[in-house]
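A short worksheet on the structure shown next.
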Amino acid sequence: MKQLDKWQWSTLILSAILVMAFSVFIYRYEPFKSGFEITDQLGGNIFPATILSTATTDANLIVPADSDYIGNPKSCIAIRLKNSYANSKLRIEVAETPFFSQSVSEFILPKAGKEYLVFPDIIWNYQALRDNNQAVPVSISVKAELNKKELPQRLKTISMRSINECFLGYVDDKMKFHDTGEFFAAYVNEEHPQIDKLLREALDTRIVNRFLGYQGNAHQSENVDKQVYALWNVLQKRNFKYSSTTNTSLSSNVVYTQRVRTLDDALESSQINCVDGSVLLASLMKAININPILVRIPGHMFVGYYTDKSHKNMNFLETTMIGDVNLDDFFPDEKLDSTMVGKSQNQMSKLTYEKSKEYATRKYRENDSLIHSGKVNYMFLEIDKKTRAQVQPIGK
């Protein structure tokens, strides 16, 4: 009887070990479960400006959730699945939508028992992205085969955001915030076809005879400042008005955006806010080879520029003063209305330009250390070769 009890105990222990081993096998390899999910890192949102501005660069400003991902993360769309066997062959077919064509991608998944994040190729319709000026829902349909075994088809509805939504940052799955303020550079468009027309208008004012950028050594700072003033003057003569529109329809605790007018939108509407005015003036400065700087502080942006080729000295401008604003809001100790009698348009333009420099330079000095600290909502972004290697103008 005792011997029988001993065998029974041995059988029970062996059975328990087998059950545990089988459970571990099932958990790790999932031989009876096969499938995948469509995923993204931005809360079900895709931003046309991020795709357009990085399409021809090597920049990955949106860091993939898994460091050992497969494919091109600029695709924005990924699938997540667990691989059962080493060197598995994965085939992914993404159906056509109004924003991209049908595509087929193939990958090798080297490790068994590993969960993979895979970015298939997406053949974007770039013009459709440029033309999208309002957020719209898009259904993404994906088919996949793993080792020639067809997996159940998956469908996910995402929101294709407006071209005017500048992607400022996102919170990852570890609750870490990633600042992507570099995307403001996408709205600085020094190559826009209308730039030449604006420059011609600026030359017609005779404030300057030509745009030389940093050429010439004598009185370089003064010459650069005069060229920038000519650009300021022509925007004032186009009767730009201040408009504080910055909000978007996006409601998310994962991603953060701000509405920015493209150069086309700003010229067509003759409306700008602090960001629109900064990127518009930066576009003109960049076009004449003066290096602009976008400066961001909480709730506000202004533009700066180097006054010399060696980049030792800077000036800053408050672009909201280009439009019809109450200057007393900026300088309550002065009443500019009393100085307007007998002033010409150019004299008033130069006055507001100088006051703009005074105000923006003071703001820069007050926030200097924070602007260069890398803290959230602070930014010092030079539109130089380094920036352009990451973010290109989106155009339209």
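The model shown is predicted, which means the values in this text are computed figures rather than measured ones.
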Going by an N to O cut-off under 4.0 Å, is there a salt bridge joining [X] and [Y]?
{"X": "D179", "Y": "K375", "value": "no"}
{"X": "E190", "Y": "R388", "value": "yes"}
{"X": "D204", "Y": "R200", "value": "yes"}
{"X": "R261", "Y": "E268", "value": "no"}
{"X": "K148", "Y": "E145", "value": "no"}

Show me the donor-acceptor pairs, under 3.5 Å and distance only, between side chains in residues 283-292 and residues at least two apart or in other chains.
unit_1	atom_1	unit_2	atom_2	d
S283	OG	N189	N	2.8
S283	OG	V279	O	2.6
K286	NZ	I383	O	2.9
N291	ND2	H311	NE2	3.0

Residue pairs involving residues 51-60 (criterion side-chain hydrogen bond (donor to acceptor under 3.5 Å, both in side chains); sequence neighbours excluded):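 side-chain hydrogen bond (donor to acceptor under 3.5 Å, both in side chains) check on residues 51-60 returns no pairs.
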Applying side-chain hydrogen bond (donor to acceptor under 3.5 Å, both in side chains), can you list everything that pairs with [X], at least two apart in sequence or on another chain?
{"X": "D225", "value": "Y305, N315, Y353, K357"}
{"X": "N377", "value": "R296"}
{"X": "E191", "value": "none"}

[X] and [Y]: side-chain donor and acceptor closer than 3.5 Å?
{"X": "S270", "Y": "N239", "value": "no"}
{"X": "N83", "Y": "S88", "value": "yes"}
{"X": "T262", "Y": "D264", "value": "no"}
{"X": "T39", "Y": "E37", "value": "no"}
{"X": "D265", "Y": "N164", "value": "yes"}
{"X": "D384", "Y": "T387", "value": "yes"}
{"X": "Q227", "Y": "N223", "value": "no"}
{"X": "R161", "Y": "S159", "value": "yes"}
{"X": "Q102", "Y": "E93", "value": "yes"}

Sequence neighbours excluded, every pair satisfying ring-ring contact (aromatic ring centres under 6.0 Å, His included) that has a member inside residues 99-122: Y69-F119, F100-W124
Cation-aromatic face contact K350/Y229, 6.0 Å, 45 degrees: yes
Distance under 6.0 Å and angle within 45° of ring axis: R154 vs F36: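 That pair qualifies as a cation-pi contact.
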Hphob cluster co-occupancy, I122 + I92, side-chain heavy atoms under 4.5 angstrom: yes
Aromatic plane relationship, F302 with H300 - under 30° parallel, 30 to 60° tilted, over 60° perpendicular: tilted
Parallel, tilted or perpendicular, as decided by the 30° and 60° cut-offs, for the rings of H372 and F380: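 Correct class here is tilted.
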Derivation and outcome, side-chain contact (heavy atoms from CB on, under 4.5 Å), residues I293 and L381: CA-CA 5 Å; I293 307 157; L381 182 63; 5.8 Å; no
Minimum-distance pair of heavy atoms, taken over all atoms of L281 and V303: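 That would be CD2-CG1, 4.1 Å.
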Non-hydrogen atoms of F316 and G304 that approach each other most closely: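 The pair with the smallest heavy-atom distance is CD2-CA, 3.5 Å.
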